[in-house]
Chemist: 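I'd like to ask you about the structure that follows.
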Amino acid sequence: MRELGLVDGKIVDLMEPIVAMEDRGHQFGDGVYEVVKVYRKRCFALVPHLERLFRSLRELRIPAIYTAEELAEFHERLIAESEIEEGYIYLQTTRGVAPRTHGFPDQVVPRLTMSIRPSKPLPSQLVKEGATAIWLPDERWLRCDIKSLNLLGNILGKQKAKEANVFEGIMIRDGMVTEGTSTNFFVCKDGVLWTYPASNLILSGITRSIVKERLAPTLAVPVLEKAFTTAFVESVDEAFVCGTNTEIMPIVKISGKRIGNGAVGSVTRALQEQYQSLIDEECPKK
Ligand code: PLP
């Protein structure tokens with residue numbers, strides 16, 4: 001088993017220095033990315049991740065130079081050559097390499113880099129007993145729907161969470177709770193799930209869509225895409241964050257205040273179980 005990179009279809013050593021000085025991703029964060037989880041040597045939810053990648057590229061007017069089939073093949077090749085069973089694949093496309101100037105260069109070819117690494121198991125105590133979070137101001141730009149390389153607001157927020165010794169920072173814009181620094185945020189009140197509407201102010205997560213469109217309907221739990229305040233969160237029964245790497249992580253305390261009775265709720269627990277069943281179904285042992 002070994003960590004590997006892939007540059008425009010060619011497998012490389014992860015430590016090989018391949019970033020050109022004038023790559024626009026390197027200089028401006030002018031590019032997009034995706035992260036796909038690998039379970040038992042299979043990609044989970046690859047199709048919606050690739051669809052979101054193509055959307056991000058379109059929004060930034062970066063031409064797509066590989067088809068979905070080619071990208072799927074690159075994922076497969078990284079898994080096969082690395083022999084990593086449980087891991088994640090990071091993919092990024094930048095606008096390409098050109099002399100530095102703000103406007104799009106006339107002659108520039110997008111550059112694709114990918115890597116595969118083994119994933120660490122999620123901290124089992126947090127998965128079982130719930131994690132803590134803090135409220136943070138949402139200081140990001142107004143196109144959070146694009147999965148762009150520019151993540152300064154997110155990384156500064158995550159660092160604050162790290163320094164506060166909590167699992168996640170949950171952000172607030174204009175008095176409304178948007179999402180986590182690398183996760184989407186849900187609450188459950190009286191058997192109904194609430195989450196911020198898919199808009200320019202959040203990244204519409206693939207895990208969020210799986211919760212909304214597949215898991216919650218199976219459990220007959222309604223989902224409301226509606227903005228809410230931190231005061232509302234004080235009245236809810238349950239809360240969780242979700243994301244590709246985070247899966248479904250219960251949140252039992254935010255900025256020192258307990259959520260519900262401070263224990264992991266039954267809806268969150270059922271969603272975690274459903275999510276695991278979906279992984280088992282989509283990623284059976286090879
Ligand atoms: N929100 C933000 C800001 C993120 O960075 C991420 C993942 O990186 C998510 C939500 C969750 O998205 P997904 O479920 O597609 O991993």
Side-chain angles (χ1 to χ4, degrees), residues 29 31-39 43-57 59 71 75 87-93 114-115 117 119 122 131 133-162 167-173 176-187 193-216 223 225 227 239-251 268 271-272 274-276 278-279 282-283:
V32 301
Y33 77 105
E34 277 296 328
V35 180
V36 170
K37 197 83 191 269
V38 174
Y39 298 100
C43 291
F44 180 66
L46 180 61
V47 170
H49 278 283
L50 293 182
E51 284 170 357
R52 186 175 60 187
L53 173 73
F54 287 117
R55 178 186 182 277
S56 298
L57 288 170
E59 292 298 317
L71 293 175
H75 282 77
Y88 61 96
I89 295 177
Y90 175 83
L91 173 160
Q92 78 170 42
T93 298
M114 295 173 65
S115 58
R117 289 174 179 275
S119 50
L122 285 162
I134 48 168
W135 296 122
L136 292 174
D138 194 337
E139 294 174 335
R140 300 173 299 163
W141 71 329
L142 297 174
R143 291 304 308 274
C144 302
D145 55 311
I146 301 171
K147 206 163 165 63
S148 102
L149 300 180
N150 281 282
L151 288 173
L152 278 174
N154 307 63
I155 63 174
L156 292 175
K158 188 69 98 184
Q159 181 59 24
K160 280 189 194 154
K162 192 174 160 188
F167 182 77
E168 181 59 302
I170 298 169
M171 299 181 284
I172 304 161
R173 191 193 293 262
M176 297 296 166
V177 178
T178 53
E179 62 179 332
T181 66
S182 63
T183 53
N184 290 112
F185 182 63
F186 282 75
V187 293
L193 284 172
W194 293 57
T195 195
Y196 197 86
S199 67
N200 61 314
L201 297 184
I202 63 161
L203 181 79
S204 183
I206 304 304
T207 323
R208 174 187 182 279
S209 299
I210 291 173
V211 169
K212 183 169 79 83
E213 286 152 27
R214 302 189 64 174
L215 312 184
V223 181
E225 287 185 86
F240 64 87
V241 290
C242 65
T244 297
N245 272 324
T246 306
E247 301 181 350
I248 295 176
M249 178 61 78
I251 297 292
T268 308
L271 288 169
Q272 285 179 310
Q274 288 294 322
Y275 193 66
Q276 189 54 53
L278 191 62
I279 293 169
E282 271 207 21
C283 305

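Counting starts at 1 for both ligands and their atoms, following the listed order. It should be emphasised that the depicted structure is a prediction, and the values quoted were computed from it without experimental measurement.
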Chemist: Going by atom types alone, do Lys158 and Ser182 pair a side-chain donor with an acceptor below 3.5 Å?
Modeler: yes
Chemist: For the residue pair Thr181 and Glu168, confirm or rule out a side-chain donor-acceptor distance under 3.5 Å.
Modeler: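 A donor-acceptor contact under 3.5 Å links the two side chains.
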Chemist: Any protein N or O within less than 3.5 Å of an N or O in ligand 1? List each pair with its distance, or say none.
Modeler:
residue: ligand 1; atom: 1 (N); partner: Glu179; partner atom: OE1; Å: 2.6
residue: ligand 1; atom: 8 (O); partner: Lys147; partner atom: NZ; Å: 3.0
residue: ligand 1; atom: 14 (O); partner: Ile206; partner atom: N; Å: 3.3
residue: ligand 1; atom: 14 (O); partner: Thr207; partner atom: N; Å: 2.9
residue: ligand 1; atom: 14 (O); partner: Thr207; partner atom: OG1; Å: 2.6
residue: ligand 1; atom: 15 (O); partner: Arg52; partner atom: NH1; Å: 2.8
residue: ligand 1; atom: 15 (O); partner: Arg52; partner atom: NH2; Å: 3.0
residue: ligand 1; atom: 15 (O); partner: Ile206; partner atom: N; Å: 2.8
residue: ligand 1; atom: 16 (O); partner: Thr244; partner atom: N; Å: 2.9
residue: ligand 1; atom: 16 (O); partner: Thr244; partner atom: OG1; Å: 2.5

Chemist: Taking 4.0 angstrom as the limit, do Arg140 and Glu179 come out as a salt bridge?
Modeler: yes
Chemist: Quick test of your reading of the model: are Arg143 and Glu59 salt-bridged, counting only N-O distances below 4.0 Å?
Modeler: yes
Chemist: Does the plane of the ring in Phe185 sit parallel, tilted or perpendicular to the ring in Trp135? Use 30° and 60° as the thresholds.
Modeler: perpendicular
Chemist: Go through the side-chain N and O atoms of Lys37 and Tyr88 and say whether any donor and acceptor fall under 3.5 Å apart.
Modeler: no
